Amino acid sequence: MTSNSTAKTLVKTFLRTPHSLKTKFQAKQLLAQFLKTQPYSPSSISILISVYSNFNLLHPSLFLFNSLNSPPLLAWKSIVKCYANSGHFLNSLTCFVQMRSFGIYPDPNMFPFVLKACVFLKNLRLGESIHGCVIRLGLDFDLFTGNALLNMYAKFQSLQPNGGHKVFAFNVFDGMPKCDELCGTSAQEKGASIIQLDRITKVLEMMPKRDVVSWNTVIAGNAQNGMYEEALRMVREMGNANMKPDSFTLSSVLPIFAEYVDVIKGKEIHGYAIRHWFDSDFYIASSLIDMYANCARIEDSCSVFNLLSKRDDISWNSIIAACVQNGVFDEGLKLFRQMLTAEVKPRDVTFSSIMPACAYLTTLHLGKQLHGYIIRGGFNDNMFIASSLVDMYAKCGNIKAARWIFNQMEHHDMVSWTAIIMGYALHGHAHDALLLFKQMEMDGVKPNYVSYIAVFTACSHAGLTEEAWRYFNSMSRNHGIKPGLEHYAAMADLLGRAGKLEEAYEFIGSMHTASTAARRWKDAAKMRIFMKKKGIRKEPACSWIEVKNRVHTFISGDKSHPLYDRIFEALKDLLEQIEREGYIPDTNEDFHDVDEEQKKYIIFSHSERLALAFGIISTPAGTTIRITKNIRVCVDCHTAIKLISKVVQREIIVRDNSRFHHFKDGKCSCRDYW
DNA sequence: ATAGGGTTAG
């Protein structure tokens with residue numbers, strides 16, 4: 001027997017039992033044999049195409065497909081499926097339409113792929129037209145097709161009319177549309193209506209048989225569109241139809257309890273998951289991590305994560321986000337490093353989740369590293385990431401970089417506007433902040449709850465009480481935002497700082513307590529997390545500074561730094577220099593029962609001064625010094641640092657717990673109001 | 001054919 005005839009026998013054997021091929025490698029080997037021993041009949045070629053498309057091997061499939069003059073149904077079906085499964089949705093649809101123009105009728109297991117393509121291309125009209133095709137062919141009784149239709153309508157539920165997505169109408173039976181029509185660039189039908197719930201219900205009711213997938217699809221659709229009660233009702237209905245919730249059901253339901261901050265119900269689901277061995281499921285685990293994090297139960301998030309034997313990128317993202325949102329920044333950064341060590345590639349979500357940790361901790365070097373990673377990864381144009389970068393640079397003291405990133409952004413949403421406004425507010429540039437707020441309004445971006453907190457912060461740091469009142473009054477009048485606890489707090493703070501104590505008392509007395517009760521559950525949980533963060537911060541006053549990519553932390557009176565002797569010398573030296581400039585220690589704040597000399601020494605070793613002296617001796621002359629302090633800078637240090645900035649001729653930026661101070665040439669940007 | 005994670009505040 002020649003080697004060719006052996007090959008031919010081999011190929012024929014496989015063609016009779018195509019499922020005996022188990023690996024891509026085997027499939028590729030078969031192709032070699034096949035090409036050696038051509039020609040074959042169109043039906044044999046089609047079988048081979050179906051084998052390749054099952055392995056999602058697009059190119060060999062296309063190669064064989066193109067060799068056919070009039071491809072049979074199986075060949076078309078395989079190509080449509082292969083295109084859809086490899087993300088080439090437009091090609092998948094074009095191919096389907098082409099097939100129709102050849103007069104070939106689709107079979108039921110073709111529709112799920114075509115409908116999936118419509119979902120990805122956000123082309124509702126095309127989907128509807130395919131639905132029509134399904135009905136005309138009498139295939140709407142098919143379970144898989146029905147489920148795919150449910151999925152399509154569920155996904156289109158969330159698409160707003162005129163929401164920027166492109167929709168185009170054409171009839172599948174009208175022949176071939178042009179490419180640009182399929183992707184909808186002509187967009188004649190932008191006014192596509194929101195798919196009403198009853199559309200989905202109708203499809204569901206028409207289905208002669210429903211399985212768990214049908215229910216899960218509808219439940220997920222409702223859950224993702226904020227129709228929580230409807231979703232939960234469907235879960236009960238599913239149970240009435242004698243169908244057991246599975247891991248898909250649970251991972252759709254968990255985010256609802258996360259949003260409701262209902263840890264009791266969330267735990268019940270967790271229990272159910274454990275009893276049914278679903279708790280090691282990626283999807284459920286990340287929903288559980290998120291649910292616990294939303295309920296301010298970060299310890300429970302961590303236990304879920306730790307019990308996972310395998311973790312995917314989303315598991316990592318979930319736990320990192322959970323830590324950062326709960327103010328456990330160090331742990332978040334630690335996990336981020338572990339994620340990199342585990343060679344899990346960070347994604348866009350990873351960066352926007354971790355960035356606030358750098359912002360809060362003022363670790364500029366880390367933020368910059370992440371920024372570099374973001375640029376290399378091509379994530380620059382992601383709104384979430386850009387907003388978090390604006391925030392990070394502003395909070396790390398570099399308002400110019402923050403503004404630069406903000407200006408680079410193609411579109412600004414309310415979050416990015418708020419981030420930059422808050423940035424200017426924290427730096428004491430109240431007028432820039434308020435100007436940006438006006439620009440935002442002119443841009444047609446509606447401010448939200450948080451934007452007004454930024455506005456009041458800006459007014460507060462500049463003592464602009466009248467402006468603040470104007471904004472406070474217009475907030476509900478012009479934008480329908482009811483003032484909440486945070487706004488009252490910011491206003492009271494502002495009046496207090498401005499010395500208008502009477503007004504502040506009166507204002508607090510007039511507070512609408514009802515407005516807090518009306519706040520969403522989620523905000524209540526956020527408030528709890530915030531309180532927790534404050535509670536955790538029981539450590540003494542401390543300041544930190546980054547030198548050569550390392551963070552050096554100092555507490556008041558701290559002698560533990562290896563360079564303490566040199567720091568002490570530098571402090572003494574600085575003291576002498578500023579005393580020549582007229583500095584007199586202001587020992588009125590904080591103490592009693594301490595003699596003057598001791599007082600002088602205690603003030604002398606305040607944490608920000610230790611950090612400052614260290615910064616001066618360990619960086620080249622003229623370098624800007626950035627210090628972060630966990631509590632407010634005291635009056636005496638403020639005076640001293642102003643003078644130090646003059647005598648050492650350096651710009652010194654101190655961020656305390658409420659704002660930035662830029663010291664230069666003996667002056668501070670806060671104009672001594674903070 | 002169905003499911004999970006993100007930015008702005010105090």
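Just so we're on the same page: letters track the sequence lines, and every chain starts at 1. Predicted, not measured: the structure shown is a model, and the values here were computed from it.
- Taking the side-chain contact (heavy atoms from CB on, under 4.5 Å) definition, one finds that A:Asn380 meets it with A:Ile374, A:Ile375, sequence neighbours left out.
- A close approach under 4.0 Å does occur between a side-chain nitrogen or oxygen of A:Lys395 and OP1 or OP2 of B:dA9.
- In this structure, A:Phe111 reaches neither bases nor backbone, as no heavy-atom distance under 4.0 Å exists between it and the strands shown.
- Per the geometry, NZ belonging to A:Lys155 stands 6 Å off P belonging to B:dT2, to the nearest Å.
- A distance-only check finds a donor-acceptor pair linking the side chain of A:Asn306 to the backbone of A:Cys302 [under 3.5 Å].
- For a distance-only test at 3.5 Å, the side chain of A:Asp281 fails to qualify as a donor-acceptor partner of the base of B:dG4.
- Between A:Met234 atom CE and B:dA3 atom P there is a gap of 15 Å when expressed in whole angstrom units.
- Using a 4.0 Å heavy-atom distance criterion, A:Ser286 is classed as a base contact.
- B:dA9 atom P lies 22 Å from atom OH of A:Tyr488, rounded to whole Å.
- The salt bridge (Lys or Arg N to Asp or Glu O under 4.0 Å) contacts involving residues 269-284 of chain A comprise nothing, where partners must be two or more places apart or lie in separate chains.
- If you check every strand for non-hydrogen atoms under 4.0 Å, A:Ala220 touches sugar and phosphate atoms only.
- Of the candidate nucleotides B:dG4, B:dT2, B:dT7, B:dT2 has the atom nearest to the side chain of A:Asn216.
- Between the side chain of A:Ser251 and the base of B:dA3, at least one donor-acceptor pair of N or O atoms lies under 3.5 Å.
- Counting only heavy atoms from C-beta on, A:Ile314 has its side chain closest to B:dG4 among B:dA1, B:dG4, B:dT8.
- OP1 or OP2 of B:dG4 lies within a sub-4.0 Å distance of a side-chain N or O belonging to A:Gln224.
- Contacts between residues 348-358 of chain A and DNA chain B, defined by a heavy-atom separation below 4.0 Å, involve A:Asp348, A:Val349, A:Ser352, A:Ser353, A:Pro356, listed by number.
- Not counting sequence neighbours, A:Phe113 has no partner by the ring-ring contact (aromatic ring centres under 6.0 Å, His included) test.
- A donor-acceptor pair under 3.5 Å links the side-chain atoms of A:His412 to the main chain of A:Phe406, judged by distance alone.
- Listed nucleotides B:dA3, B:dT7, B:dT2 differ in distance to A:Thr217; the shortest reach to its side chain belongs to B:dT2.
- Atom pair A:Tyr360:OH and B:dT7:P shows a separation of 10 Å (rounding to whole Å applied).
- A:Ser247 comes within 4.0 angstrom of a base, heavy atoms only.
- Looking at heavy-atom distances under 4.0 Å, A:Ala321 makes contact with sugar-phosphate atoms alone, never a base.
- Remark: A:Phe351 engages A:Tyr373, A:Phe379 in a ring-ring contact (aromatic ring centres under 6.0 Å, His included) (not counting sequence neighbours).
- At the phosphate of B:dT2, OP1 or OP2 sits under 4.0 Å from a side-chain N or O atom of A:Asn151.
- Using a cut-off of 4.0 Å between Lys/Arg side-chain N and Asp/Glu carboxylate O, A:Arg233 and A:Glu230 are scored as salt-bridged.
- Taking only side-chain atoms of A:Val415, from C-beta outward, the nucleotide of B:dA9, B:dT2, B:dT7 with the closest atom is B:dT7.
- In this structure, A:Glu410 atom CD and B:dT7 atom P are separated by 23 Å, rounded to whole Å.
- Across all strands, A:Asp246 comes closer than 4.0 Å to no nucleic acid atom at all (heavy-atom distances).
- When heavy atoms are screened at a 4.0 angstrom cut-off, A:Ile385 is found touching base atoms of the nucleic acid.
- Closest approach to the A:Phe282 side chain among B:dG4, B:dT8, B:dA9 is made by B:dG4 (side chain taken as heavy atoms from C-beta onward).
- Side chain of A:Ser387, nearest nucleotide from B:dT7, B:dA3, B:dA9: B:dT7.
- In this structure, the aromatic ring of A:Phe384 is not positioned over the six-membered ring of the base of B:dT7 within 5.5 Å between centres and 30° between planes.
- Whole-Å rounding puts the A:Phe437 CZ to B:dA9 C1' distance at 14 Å.
- Remark: A:Asp493 pairs with A:Arg497 by the salt bridge (Lys or Arg N to Asp or Glu O under 4.0 Å) rule, at least two apart or across chains.
- Distance A:Asn147 CG to B:dA1 C1': 5 Å, rounded to the nearest Å.
- One interatomic measurement links the two molecules: NZ of A:Lys244 to P of B:dA3, which rounds to 23 Å at whole-angstrom precision.
- We find the NZ-OG distance between A:Lys116 and A:Ser92 to be 9.0 Å, quoted to the nearest 0.5 Å.
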